[in-house]
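Data first, discussion second: the structure below is written as structure tokens.
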Amino acid sequence: QGQLLESGGGLVQAGGSLRLSCSASGRSLTQYTMVWFRQAPGQEREFVAGISREGKNTKYADSVKGRFTISRDNAKNTVDLQMNSLTPEDTAVYYCAGRETPAIFTQGQSYTFWGQGTQVTVSL
């Protein structure tokens with residue numbers, strides 16, 4: 001079946017940067033549109049960023065636009081999320097997910113292939 005595994009989370013001070021990575025084992029991500037979602041305590045899961053199968057198209061939530069960059073390396077079977085200028089409001093568990101479709105959907109229920117998540121905590 002294959003699975004997604006996120007890494008790169010941690011604790012960072014406000015204004016700092018983190019780079020999250022999503023890797024896949026047992027499955028090629030070449031045919032998957034890939035996205036990152038996040039969920040803060042007591043809040044609903046929200047779309048963060050998405051990238052099309054060949055990396056030509058990207059989409060970002062307004063809250064991260066200009067600060068976060070999603071990228072992918074299909075040869076390495078990975079999808080990364082570079083997060084800069086982090087604020088405490090970015091604190092959440094970050095999940096990568098994928099779907100075999102050309103379109104980038106921003107609704108979580110559109111995706112059935114998920115990782116376990118990685119915690120990102122931004123302190124003042």
Side-chain angles (χ1 to χ4, degrees):
Q1 292 287 331
Q3 60 182 135
L4 295 173
L5 179 65
E6 301 93 340
S7 62
L11 174 64
V12 64
Q13 286 188 325
S17 299
L18 280 175
R19 189 176 183 89
L20 306 183
S21 186
C22 175
S23 61
S25 62
R27 188 182 301 201
S28 172
L29 297 180
T30 303
Q31 295 304 312
Y32 285 79
T33 286
M34 296 298 297
V35 295
W36 286 91
F37 280 79
R38 67 186 181 186
Q39 187 165 21
Q43 297 187 21
E44 295 187 354
R45 180 175 55 192
E46 66 170 342
F47 172 81
V48 175
I51 188 166
S52 60
R53 292 183 293 195
E54 295 183 356
K56 293 180 179 179
N57 297 311
T58 58
K59 182 179 290 187
Y60 295 92
D62 288 342
S63 59
V64 306
K65 206 170 289 184
R67 300 187 299 122
F68 291 11
T69 303
I70 189 170
S71 61
R72 68 188 300 161
D73 186 334
N74 285 341
K76 295 182 179 179
N77 219 28
T78 58
V79 178
D80 290 350
L81 184 68
Q82 176 67 42
M83 306 186 296
N84 298 327
S85 302
L86 286 162
T87 74
E89 288 68 39
D90 295 315
T91 295
V93 177
Y94 284 70
Y95 301 89
C96 65
R99 178 182 168 126
E100 290 183 280
T101 175
I104 301 172
F105 295 96
T106 60
Q107 299 299 318
Q109 57 264 34
S110 300
Y111 298 88
T112 57
F113 189 32
W114 289 85
Q116 294 300 307
T118 185
Q119 176 70 47
V120 171
T121 303
V122 184
S123 64
L124 288 171

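Please read all numbers here as calculations on a predicted model, not as lab measurements.
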Exercise. Angle class for the Tyr95/Trp114 ring planes (parallel below 30°, perpendicular above 60°, tilted otherwise)?
Worked result: perpendicular

For this session: To the nearest 0.5 Å, tell me how far Asp90 CG sits from Arg38 CZ.
Result: 5.0 Å

Exercise. Between Ser17 and Gln82, which heavy-atom pair has the shortest distance, and what is it?
Worked result: CB-NE2, 3.9 Å

Problem set entry | Gap separating the CD atom of Glu100 from the OG1 atom of Thr33, nearest 0.5 angstrom | 10.0 Å

Problem set entry | Any donor-acceptor pair under 3.5 Å from Tyr60 side chain to Ile70 backbone | yes

For this session: Inspect the surroundings of CD in Gln119 and state if more than 12 heavy atoms from other residues, nucleotides or ligands are less than 6.0 Å away.
Result: yes

For this session: Would you kindly confirm whether Val64 and Phe37 end up in one hydrophobic cluster when ILVMFWY residues are joined by side chain heavy atoms under 4.5 Å apart?
Result: no

Problem set entry | Side-chain touch Ser23/Asn77, heavy atoms, less than 4.5 angstrom | no

Exercise. Which hydrophobic side chains are connected to Leu124, either touching it within the sub-4.5 Å cutoff or through other members that do?
Worked result: none

Problem set entry | Heavy-atom closest contact (Pro88 atom, Ala14 atom, distance) | CD-CB, 4.2 Å

For this session: Treat each ILVMFWY residue as a node, draw an edge where side-chain heavy atoms are under 4.5 Å apart, and state whether Phe47 and Val93 are in one component.
Result: yes

Seminar exercise, completed: Rounded to the nearest 0.5 angstrom, the OG1-CZ distance for Thr30 and Arg72 is 7.0 Å

For this session: Search all heavy atoms of Trp36 against all heavy atoms of Val79 and return the closest pair with its distance.
Result: CZ2-O, 3.7 Å

For this session: Please name the residue in the list Leu20, Leu86, Asn84 that meets the side-chain contact (heavy atoms from CB on, under 4.5 Å) test with Phe68.
Result: Leu86

Problem set entry | Met34 with Phe105, same ILVMFWY side-chain cluster at under 4.5 Å | no

Seminar exercise, completed: Arg45 and Gln109 have their tightest heavy-atom pair at NH2-N, 4.2 Å

Problem set entry | Distance in Å, Leu5 CG paired with Ser25 OG, rounded so as to fall on 0.5 Å steps | 7.5 Å

Exercise. Can you name the closest pair of heavy atoms from Ala40 and Ala92 and give their distance?
Worked result: N-CB, 3.8 Å

Problem set entry | Heavy-atom donor-acceptor pair, Thr91 side chain to Val122 backbone, under 3.5 Å | yes

Problem set entry | Exceeds 12 heavy-atom contacts within 6.0 angstrom, atom NZ of Lys65 | yes

For this session: Any chance you could measure Glu6, atom CD, to Cys96, atom SG, to the nearest 0.5 Å?
Result: 4.0 Å

For this session: First locate atom CG of Leu81, then atom CG of Leu18, and finally report the distance between them rounded to the nearest 0.5 Å.
Result: 9.5 Å

Exercise. Is there side-chain contact between Leu29 and Leu4, with heavy atoms separated by less than 4.5 Å?
Worked result: yes

Exercise. Linking I/L/V/M/F/W/Y whenever their side-chain heavy atoms sit closer than 4.5 Å, directly or via other members, would Val35 and Tyr94 fall into one cluster?
Worked result: no

Seminar exercise, completed: So the salt bridge (Lys or Arg N to Asp or Glu O under 4.0 Å) pairs with at least one residue in residues 13-26 (sequence neighbours excluded) are Arg19-Asp80

Problem set entry | Arg99 versus Ser110, closest heavy-atom pair with distance | NH1-O, 2.7 Å

Seminar exercise, completed: Those residues at least two apart in sequence (or on a different chain) that pass ring-ring contact (aromatic ring centres under 6.0 Å, His included) with Tyr32 are Phe113

